[in-house]
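Every heavy atom of this structure was used, including side-chain atoms; hydrogens, water molecules and symmetry mates were not. Nothing here was measured: the structure is a model prediction, and the numbers come from that model.
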Amino acid sequence: MGKFIISKRENNDFQFNLKAGNGQIILTSQGYASKASCENGIESVKTHSQDETKYERNTAKDGRTYFNLKAGNGQVIGTSQMYESENGMENGIGSVKHNAPSAFIEELKDS
């Protein structure tokens, strides 16, 4: 089962990572000024993760692929890791779709 991990960045912004059941990070958020905003971002991932049209597939300059998950307003709510292949990226999207809806939230102690 997947989980969202809320943590604090060095600049005191909050962020979340969505981890798959195997512990691998499959989606990372932007920074949020408040924990409540970060939690709203998690809810947005849960809501939009099932909508194929919310995934933006990209290729980096080095040829690796990655994706962004966007909210209804077009704002990026999560970015994937870099993948060596398009197939790997598609598997990552599938993992977000599978894990996000039922993922529980965990806070790191320093949050």
(request) Identify the two heavy atoms, one from Asn99 and one from Gly2, that lie closest to each other, and give their separation to 0.1 Å. (result) OD1-N, 3.2 Å
(message) Would the distance check show the side chain of Ser29 and the main-chain N or O of Gln15 forming a donor-acceptor pair, the cut-off being under 3.5 Å?
(response) no
(message) Please report the interatomic distance NZ(Lys70) to OG(Ser44), rounded to the nearest 0.5 Å.
(response) 12.5 Å
(message) Between Gln81 and Ile25, is there a side-chain heavy-atom distance shorter than 4.5 Å?
(response) no
(request) Please name all residues satisfying side chain to side chain donor-acceptor pair (under 3.5 Å) with Arg64, sequence neighbours left out, ordered by chain then number. (result) Asp62
(message) Any heavy-atom pair between the side chains of Thr79 and Thr28 that's under 4.5 Å?
(response) no
(request) Look only at the side chain of Asn73 and the backbone of Gln75, and say whether a donor-acceptor pair between them is shorter than 3.5 Å. (result) yes
(request) Flag the pair Asn40 / Tyr32 as yes when at least one side-chain heavy-atom distance between them is below 4.5 Å, and no otherwise. (result) no
(message) Looking at Glu107 and Lys35, is there a salt bridge between them, counting it only when a charged N and a carboxylate O are closer than 4.0 Å?
(response) yes
(message) Using modelled atom types and a 3.5 Å cut-off, is there a donor and acceptor pairing between side-chain atoms of Lys8 and backbone atoms of Leu108?
(response) no
(request) Quick one: closest heavy-atom pair of Thr65 and Ser85, and the distance? (result) OG1-O, 3.0 Å
(request) Could you tell me whether Glu52 and Arg57 make a salt bridge, using a distance below 4.0 angstrom between a side-chain N and a carboxylate O? (result) yes
(message) Are Lys97 and Gln50 packed together at the side-chain level, in the sense that at least one heavy-atom pair is separated by less than 4.5 angstrom?
(response) yes
(request) Output all residues satisfying side chain to side chain donor-acceptor pair (under 3.5 Å) with Ser49, sequence neighbours left out; order by chain, then residue number. (result) none
(message) Quick check on the hydrophobic clustering: are Tyr66 and Met89 connected, directly or via other members, by side-chain heavy-atom contacts under 4.5 Å?
(response) no
(message) Would you say that more than 12 heavy atoms from the other residues, nucleotides or ligands in this model lie under 6.0 Å from the CD of Glu86, or not?
(response) no
(request) Write down the atom of Phe14, the atom of Ser34, and the distance for their closest heavy-atom approach. (result) CD1-C, 3.5 Å
(request) Would you mind reporting whether Tyr55 and Leu69 have side-chain heavy atoms less than 4.5 Å apart? (result) yes
(message) To the closest 0.5 Å, what do you measure between CD1 (Ile77) and CD1 (Ile42)?
(response) 10.5 Å
(message) Counting C-beta onward and ignoring hydrogens, is there a side-chain heavy-atom pair between Val76 and Gln30 closer than 4.5 Å?
(response) no
(message) Quick one: does any side-chain atom of Asp13 pair with a main-chain N or O of Gly31 as donor and acceptor, under 3.5 Å?
(response) no
(request) Go through the side-chain N and O atoms of Asn58 and Glu56 and say whether any donor and acceptor fall under 3.5 Å apart. (result) yes
(request) Indicate if Leu18 and Tyr83 have the same hydrophobic cluster label, given that clusters are the connected sets of ILVMFWY residues with side-chain heavy-atom separations under 4.5 angstrom. (result) yes
(request) Rounded to the nearest 0.5 Å, what's the gap from CD on Glu90 to CZ on Phe67? Could you check? (result) 9.0 Å
(request) Flag the pair Leu27 / Phe4 as yes when at least one side-chain heavy-atom distance between them is below 4.5 Å, and no otherwise. (result) no
